[in-house]
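Read through the structure below, which is laid out as structure tokens, and then see the notes.
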Amino acid sequence: MEAQLYPRLKRDVLFRPYGHHDHDACLAIYRQNEADRFPRGYTEEFSKYLRGDAAIIVAEMDHRVVGYGGIRINDSNIALLSFGIVAPEFQGQRIGTTLTLLRISQLASYGCSFLIYIAALNASLPFYRQFGFRESQKWKAKDGQEHPLARVRVSDASIQKIGRTLSRRGVEVRGHLALPVSGDLSCITEEVSSGGWRFKCQTTVHSDSDPGTVGSHP
Ligand SMILES: CC(C)(COP(=O)(O)OP(=O)(O)OC[C@H]1O[C@@H](n2cnc3c(N)ncnc32)[C@H](O)[C@@H]1OP(=O)(O)O)[C@@H](O)C(=O)NCCC(=O)NCCS
């Protein structure tokens with residue numbers, strides 16, 4: 001995970017909390033990336049997600065939204081990363097990596113390790129594998145297609161180090177990012193909750209999936 005701090009982000013990117021005025025810009029970037037990646041017909045779901053309770057960090061360059069990523073946590077040291085997306089013309093510049101690390105660094109104030117999930121896509125799984133995420137289960141989109149649900153456990157020491165390093169580089173969320181603790185991350189174990197990415201884990205697909213314990217404290 002910490003190895004992803006290098007190489008560092010070279011461009012001047014402003015990271016700030018999502019605001020409702022960002023809705024259309026975020027939707028446009030989603031649409032640019034939708035083909036062959038996201039389940040068909042999910043645009044409305046994505047719009048609902050933007051209007052939901054996930055904490056979303058927006059990356060902005062020259063007053064233009066160029067990427068974003070969401071995070072939700074529950075009270076059992078589980079976090080769920082969602083919709084890490086970068087506009088195609090800005091991909092490959094470490095923005096997606098920084099958005100991932102910056103979201104994880106938001107967990108620093110809890111002072112404990114976290115089990116972090118990503119509802120990935122086949123095309124994005126190799127990207128998340130670089131952070132140590134490993135596929136543990138499947139999640140099923142509304143169209144019946146299965147996609148990888150991957151997870152990684154990150155120690156408090158690692159979360160703190162990521163936060164300190166980004167902060168030293170001036171990579172911080174400018175403004176207050178509300179990170180609501182949701183008791184309901186039922187998306188990890190069963191059919192999902194409103195306002196989030198709707199999926200159902202196929203808990204029997206992989207032998208290491210153990211939804212009975214993913215919610216336990218470390
Ligand atoms: C996946 C995504 C967020 C990565 O953001 P990014 O800013 O392009 O990525 P970075 O520049 O931080 O990439 C870091 C490294 O990961 C690699 N990488 C990026 N996307 C990758 C992918 N899909 N598979 C494998 N490696 C990938 C890059 O080549 C780079 O490697 P390098 O440092 O050795 O050159 C972005 O490409 C994207 O939005 N893709 C489309 C939407 C998507 O799939 N989102 C995930 C939804 S779950």
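FYI, the numbering just counts along the sequence from 1. Order of appearance sets the numbers: ligands from 1, and atoms from 1 within every ligand.
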### Query
Does the gap between the ring centers of Phe83 and Tyr49 come in under 6.0 Å?
yes
### Query
Heavy-atom distance to atom 31 (O) of ligand 1: which of His147, Gln130, Gln91 wins?
Gln130
### Query
Hey, is atom 37 (O) of ligand 1 under 4.0 Å from any protein heavy atom?
yes
### Query
Polar-atom distance check: Val86 versus ligand 1, any N or O pair below 3.5 Å?
yes
### Query
Aromatic rings Tyr110 and Phe114: how do their planes relate, parallel, tilted or perpendicular, breaks at 30° and 60°?
perpendicular
## Note on the structure
Among Arg129, Arg94, Gln4, the residue with a heavy atom nearest to atom 33 (O) of ligand 1 is Arg94
#### Entry: pair Arg151-Ile116: side-chain heavy atoms closer than 4.5 Å
no
### Task
Can you sort out which atoms of ligand 1 are near Ile85, meaning under 4.0 Å from one of its heavy atoms?
39 (O)
### Message
Nearest non-hydrogen contact with atom 8 (O) of ligand 1 belongs to which option: Gly96, Gly92, Gly67?
### Response
Gly92
### Query
Within a strict 4.5 Å, meaning less than it, do heavy atoms of the Arg129 and Arg134 side chains meet?
yes
### Task
Check Gln93 against ligand 1 and report side chain, backbone, both or neither, counting heavy atoms closer than 4.0 Å.
backbone
### Query
Under 3.5 Å between some N or O of ligand 1 and some N or O of Thr97?
yes
### Message
What I want to check is whether the side chains of Arg169 and Thr165 have a donor and an acceptor closer together than 3.5 Å.
### Response
no
### Query
What do you think, any protein heavy atom under 4.0 angstrom from atom 29 (O) of ligand 1?
no
### Message
So if I count the atoms of ligand 1 from 1 in the order they appear, which ones are less than 4.0 Å from some heavy atom of Pro126?
### Response
24 (N), 25 (C)
Do any side-chain atoms of residues 4-15 form donor-acceptor pairs under 3.5 angstrom with protein atoms, and if so which ones, sequence neighbours left out?
unit_1: Gln4; atom_1: NE2; unit_2: Gln130; atom_2: O; d: 3.3
unit_1: Arg11; atom_1: NH1; unit_2: Gln93; atom_2: OE1; d: 2.9

### Query
Are Ala119 and ligand 1 in contact, using a heavy-atom cut-off of under 4.0 Å?
yes
### Task
Would you kindly specify which portion of Asn33 sits under 4.0 Å from ligand 1, judged on non-hydrogen atoms: side chain, backbone, both or neither?
side chain
### Message
Check this for me: His20, atom NE2, are more than 12 non-hydrogen atoms of other residues, nucleotides or ligands nearer than 6.0 Å?
### Response
no
### Task
To the nearest 0.5 angstrom, please state how far the CD atom of Gln145 sits from the NZ atom of Lys138.
11.0 Å
### Query
Which class fits the ring pair Tyr30 and Phe46: parallel under 30°, tilted 30 to 60°, perpendicular over 60°?
parallel
#### Entry: Any protein heavy atom < 4.0 Å from atom 2 (C) of ligand 1
no
### Query
Judging by distance only, is a nitrogen or oxygen of Ala123 under 3.5 angstrom from one on ligand 1?
yes
### Message
Nearest non-hydrogen contact with atom 22 (C) of ligand 1 belongs to which option: Phe131, Tyr30, Phe127?
### Response
Phe127
### Message
For atom 44 (O) of ligand 1, is there a protein heavy atom at a distance under 4.0 Å?
### Response
yes
### Task
Within a distance under 4.0 Å of any heavy atom of Ser124, pick out the atoms of ligand 1 and give their elements.
44 (O), 46 (C), 48 (S)
Do any side-chain atoms of residues 101-108 form donor-acceptor pairs under 3.5 angstrom with protein atoms, and if so which ones, sequence neighbours left out?
unit_1: Arg103; atom_1: NE; unit_2: Leu99; atom_2: O; d: 3.1
unit_1: Arg103; atom_1: NH1; unit_2: Gly70; atom_2: O; d: 2.9
unit_1: Arg103; atom_1: NH1; unit_2: Ser82; atom_2: O; d: 3.3
unit_1: Ser105; atom_1: OG; unit_2: Leu102; atom_2: O; d: 2.7
unit_1: Gln106; atom_1: NE2; unit_2: Leu102; atom_2: O; d: 3.0

